[in-house]
Amino acid sequence: MRGRARGGAAFASLRRPHPYLISPLSFIIPPLFFFSFLPRPRWVLAPRRPRRSRCNAVTIPLQAMASVSIECVAREGCRIGESPVWDEREGALLFVDITGRKVCRWSPLTRQTQAIAVDAPVSSVALRKSGDYVITLGTRFAALKWKEELVTTITQVDKDKANTRFNDGKVDPAGRYFAGTMAEEIRPAVLERRQGSLYTLFPDLSVVKHFDQVDISNGLDWSLDHRTFFYIDSLSYSVDAFDYDLQTGKIGNRRSIYKLEKEESIPDGMCIDTEGKLWVACYDGGRVIRLDPETGKRLQTVKLPVDKTTSCCFGGKDYSEMFVTSASDGMDKEWLSRQPQAGGIFKITGLGVKGVPPYPFAG
């Protein structure tokens, strides 16, 4: 009995703490209670979900945006400035004024623009391997000798259509000149639909038509590996891609890689950078946007002080400067008073990327 009593007392002593002993938990709970009211450090916060965006745009760091500079280098007052092309041999920027009917060359050294008047709407200009330039003039591919101010017709397209003209054009990596047509506009971006076609002028001066039913044939360029052709039919509000055969110049498997948002307005001229990303000028959108053709995401937006941005290219000594053309057609006096640089040529620096030099026509 005494043994059992001792055992029972021992068991009881384990169940009831000694009045002078303090539990270890009493040291832990108060600090936890106190620290629960303090702000949680960043390293213990749950990861923030990225904001959703209809265009899946990537946020550009503020310091990167702060480095971008925009300057109007030539106040030309173009009615429809278009087709900027850097001429490395001359160290100058070529461009056209479509309805102003002139081919222009701006020198960054003199900051002056020379112009050659032509007899029809001139919509694009390109370098020529043998020297001087080729242009799209009315519905003609033509050669332009700059010093002589001489224009010679190479060939004509759309002979069965009385109301069309060429629009944008560009030379591919093999030296072929791609250019598309459209109906003459009643007002800016107002025209008879599906009257245009896409053509190629080959170095042997033959012409191939790729397809028709085009509204406004516009921006063109090629991927860095030359396996994809990028193209814009403006009123589709889409940037499209085709499989491209560099050996033959054939295109196929058309698909849309980017649909423009409402505020971006109408896609116009286009160029590519050395990272394989596309830059698209947005007519009536007052901006150029950078796109990733692989993901279909908009990566960057650069706004300009004019609404009618028409096309873009890279140039300068190392092709790190972007040049943007603009238009003034369709703007009334009040609008022009708010945007006095409309129709001017703009230079953008600080983008952090370089462009691809233009290819010359091999014919």
Side-chain angles (χ1 to χ4, degrees), residues 76 78-85 87 90 92-106 113-172 175-185 188 191-192 195-210 212 214 216-220 234 268-269 310-311 313 325 327 329 343 345 358-363:
E76 293 303 307
C78 292
R79 292 182 61 186
I80 305 179
E82 259 285 5
S83 187
V85 178
D87 184 347
E90 296 291 332
L93 180 75
L94 295 164
F95 61 95
V96 302
D97 183 350
I98 298 178
T99 46
R101 298 189 175 194
K102 56 186 179 181
V103 182
C104 305
R105 193 164 72 184
W106 174 79
T113 302
Q114 296 175 302
I116 294 178
V118 292
D119 64 359
V122 54
S123 58
S124 72
V125 58
L127 308 177
R128 193 170 191 178
K129 192 174 182 179
S130 59
D132 284 307
Y133 311 113
V134 284
I135 59 176
T136 48
L137 183 67
T139 54
R140 294 171 282 160
F141 285 105
L144 170 62
K145 289 188 175 181
W146 188 264
K147 290 182 180 179
E148 295 86 348
E149 298 188 13
L150 178 65
V151 176
T152 307
T153 298
I154 296 173
T155 190
Q156 187 173 2
V157 302
D158 281 5
K159 294 179 181 179
D160 58 334
K161 296 180 179 179
N163 193 40
T164 63
R165 66 165 174 82
F166 269 117
N167 200 42
D168 206 355
K170 191 170 288 185
V171 177
D172 83 343
R176 309 178 188 96
Y177 195 2
F178 277 65
T181 57
M182 58 179 280
E184 289 280 6
E185 293 172 292
L191 70 164
E192 187 178 355
Q195 296 301 302
S197 303
L198 180 67
Y199 295 94
T200 296
L201 175 67
F202 283 71
D204 64 1
L205 306 187
S206 63
V207 174
V208 167
K209 182 167 85 170
H210 296 282
D212 52 19
V214 175
I216 301 178
S217 189
N218 241 320
L220 316 89
S234 289
D268 205 323
T310 55
S311 193
C313 80
T325 50
D329 261 9
I345 309 302
Y359 304 104
F361 177 58

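We count residues from 1, following the sequence as given.
- Distance alone, capped at 3.5 Å, is enough to place a donor-acceptor pair between the K170 side chain and the L220 backbone.
- Side-chain atoms of S217 do not come within 3.5 Å of backbone N or O of N167 as any donor-acceptor pair.
- By the 4.5 Å heavy-atom criterion applied to side chains, Q195 and N163 are not counted as neighbours.
- A donor-acceptor pair is defined here as one N or O able to donate and one able to accept, closer than 3.5 Å; no such pair exists between the side chain of K129 and the backbone of G175.
- Residues C313 and V85 are not in side-chain contact: their nearest non-hydrogen atoms beyond the backbone lie 4.5 Å or more apart.
- Side-chain atoms of S123 come within 3.5 Å of backbone N or O of F166 as a donor-acceptor pair.
- Distance check: L137 CG to S124 OG gives 10.0 Å after rounding to the nearest 0.5 Å.
- Using modelled atom types and a 3.5 Å distance limit, the side chains of E82 and T310 yield no donor-acceptor pair.
- Taking CG of L205 as the reference point, atom OH of Y177 lies at 13.5 Å (rounded to 0.5 Å).
- Atom OG1 of T139 sits about 9.0 Å away from atom OH of Y199, to the nearest 0.5 Å.
- Using a 30° and 60° split on the angle between ring planes, H210 and F178 fall in the parallel class, below 30°.
- Between K102 and V118, the closest heavy-atom pair is N-CG2, 4.1 Å.
- Under the 4.0 Å criterion applied to side-chain N and carboxylate O atoms, E185 and R165 are assigned as salt-bridge partners.
- In this structure, the side chains of P121 and T99 stay at 4.5 Å or more apart for every pair of heavy atoms.
- Considering only heavy atoms from C-beta on, Y133 stays 4.5 Å or farther from V103 through its side chain.
- At distances below 3.5 Å, at least one donor-acceptor pair connects side-chain atoms of T325 with backbone N or O atoms of S311.
- Distance alone, capped at 3.5 Å, places no donor-acceptor pair between the D87 side chain and the L93 backbone.
- When the options T136, T164, D158 are evaluated for a side-chain hydrogen bond (donor to acceptor under 3.5 Å, both in side chains) with T181, the one that passes is D158.
- F95 approaches C78 most closely through the heavy-atom pair CE1-SG, 3.8 Å.
- Using a 4.0 Å cut-off between charged nitrogen and carboxylate oxygen, R128 and D132 do not count as a salt-bridge pair.
- For the atom pair CD1 of I116 and CG of L144, the computed distance is 5.0 Å after rounding to the nearest 0.5 Å.
- A pairwise comparison of heavy atoms in S83 and V96 identifies CB-CG2, 4.2 Å as the closest pair.
- Interatomic distance, L94 CG to L127 CG, rounded to the nearest 0.5 Å: 6.5 Å.
- Partner of R140 under the side-chain contact (heavy atoms from CB on, under 4.5 Å) criterion, out of I135, T153, T152, V122: T153 alone.
- T113 contributes no side-chain N or O that, together with a main-chain N or O of W106, makes up a donor-acceptor pair within less than 3.5 Å.
- With salt bridges taken as basic N to acidic carboxylate O contacts below 4.0 Å, one links D329 and R79.
- By the 4.5 Å heavy-atom criterion applied to side chains, D172 and Y359 are not counted as neighbours.
- Separating the CZ atom in R101 from the CD1 atom in I80 is a distance of 11.5 Å, to the nearest 0.5 Å.
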